[in-house]
Colleague: 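Mind looking over this structure? Questions follow.
In this chain, residues are counted from 1 in sequence order.
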Amino acid sequence: MKYLVLIFVILLLASLCPQVSAATIDNSTVQYYVNVYNSRIDTAPDILKTLVGDQRIALNITRNDGSIYRTGFIMQNAHISNTVNGNITDPTISINATEDSIDRIHSSSDPISTFQQERSYGGINIQGNTLTTKAELGIVLSNADVLRFFYNMFFG
């Protein structure tokens, strides 16, 4: 049940581009949104904070110029305790996305539906690296209400 952190990463991914394209994502931009998340997660219901738990998330964004931005998130007690520049070892969740997909989600009037479309088109690939995470991802990624809750943590 610790998969809800994935929702954060998805929304972080979409929110990284509020005023810049994915090609200009850098570590300071990522850290800004990590700080936003960490400052707001304490207001989430306790049950959700418990479910977020501890994860190791690898995030890879393929930019339009062909370069890849890589970062990782280490979760501890529902907070991002560490951001790793580059590859993260032994991720429990791996997320691969294209710059175009991120831009489409961010500019959409319905980012949740657009996110789900991008997943179906292959612009965003989210993979659980354990049997438990794989099963849980299937459930949470199809739940629009859970996605909206975490979207509202950033933009509500």
Colleague: What is the distance from atom CD1 of Ile126 to atom CD1 of Ile124, rounded to the nearest 0.5 Å?
Modeller: 6.5 Å
Colleague: Heavy-atom distance under 4.5 Å between the side chains of Asn129 and Thr92, does that happen here?
Modeller: no
Colleague: Flag yes if Ile88 and Val34 sit in one hydrophobic cluster, no otherwise; membership is Ile, Leu, Val, Met, Phe, Trp, Tyr, and two members link when side-chain heavy atoms are under 4.5 Å apart.
Modeller: no
Colleague: I want to check something: taking the side chain as every heavy atom from C-beta on, are Ile57 and Pro91 in contact at a cut-off of under 4.5 Å?
Modeller: no
Colleague: So does Asn96 get a backbone contact from the side chain of Asn60, meaning a donor-acceptor N/O pair under 3.5 Å?
Modeller: no
Colleague: Which pair of non-hydrogen atoms, one from Tyr37 and one from Met75, has the smallest distance, and what is that distance?
Modeller: OH-CE, 3.6 Å
Colleague: What is the distance from atom CG of Leu59 to atom OH of Tyr69, rounded to the nearest 0.5 Å?
Modeller: 8.0 Å
Colleague: So, using side chain to side chain donor-acceptor pair (under 3.5 Å) as the criterion, who are the partners of Gln76 when residues are at least two apart?
Modeller: none
Colleague: Is a side-chain donor or acceptor of Arg70 paired with a backbone partner of Asn85 at a separation under 3.5 angstrom?
Modeller: no
Colleague: At what distance, to the nearest 0.5 angstrom, does CD1 of Ile95 lie from CG of Asn125?
Modeller: 9.5 Å
Colleague: Return the CD to CD1 distance between Glu99 and Ile68, rounded to the nearest 0.5 Å.
Modeller: 12.5 Å
Colleague: Measure across Gly123 and Ser101 and return the closest heavy-atom pair with its distance rounded to 0.1 Å.
Modeller: CA-OG, 3.1 Å
Colleague: Please find the pair of heavy atoms, one from Val84 and one from Thr71, that lie closest to each other, and give the distance.
Modeller: O-OG1, 3.0 Å
Colleague: Are Arg63 and Thr98 close enough that a side-chain donor and a side-chain acceptor fall under 3.5 Å?
Modeller: no
Colleague: Just checking, any donor-acceptor pair under 3.5 angstrom between side chains of Gln127 and Ser94?
Modeller: no
Colleague: What distance do Phe115 atom CZ and Ile102 atom CD1 have between them, rounded to the nearest 0.5 Å?
Modeller: 11.5 Å
Colleague: Grab the two heavy atoms, one from Asn38 and one from Ile80, that are nearest each other, plus how far apart they are.
Modeller: OD1-N, 2.8 Å
Colleague: Less than 3.5 Å apart, any donor N or O on the side chain of Ser108 or Asp110 sitting next to an acceptor on the other?
Modeller: no
Colleague: Suppose we screen for salt bridge (Lys or Arg N to Asp or Glu O under 4.0 Å). Which residues come up paired with Arg104, at least two apart in sequence or across chains?
Modeller: Glu118
Colleague: Between CG of Asn35 and OG1 of Thr83, what distance do you get to the nearest 0.5 Å?
Modeller: 8.5 Å
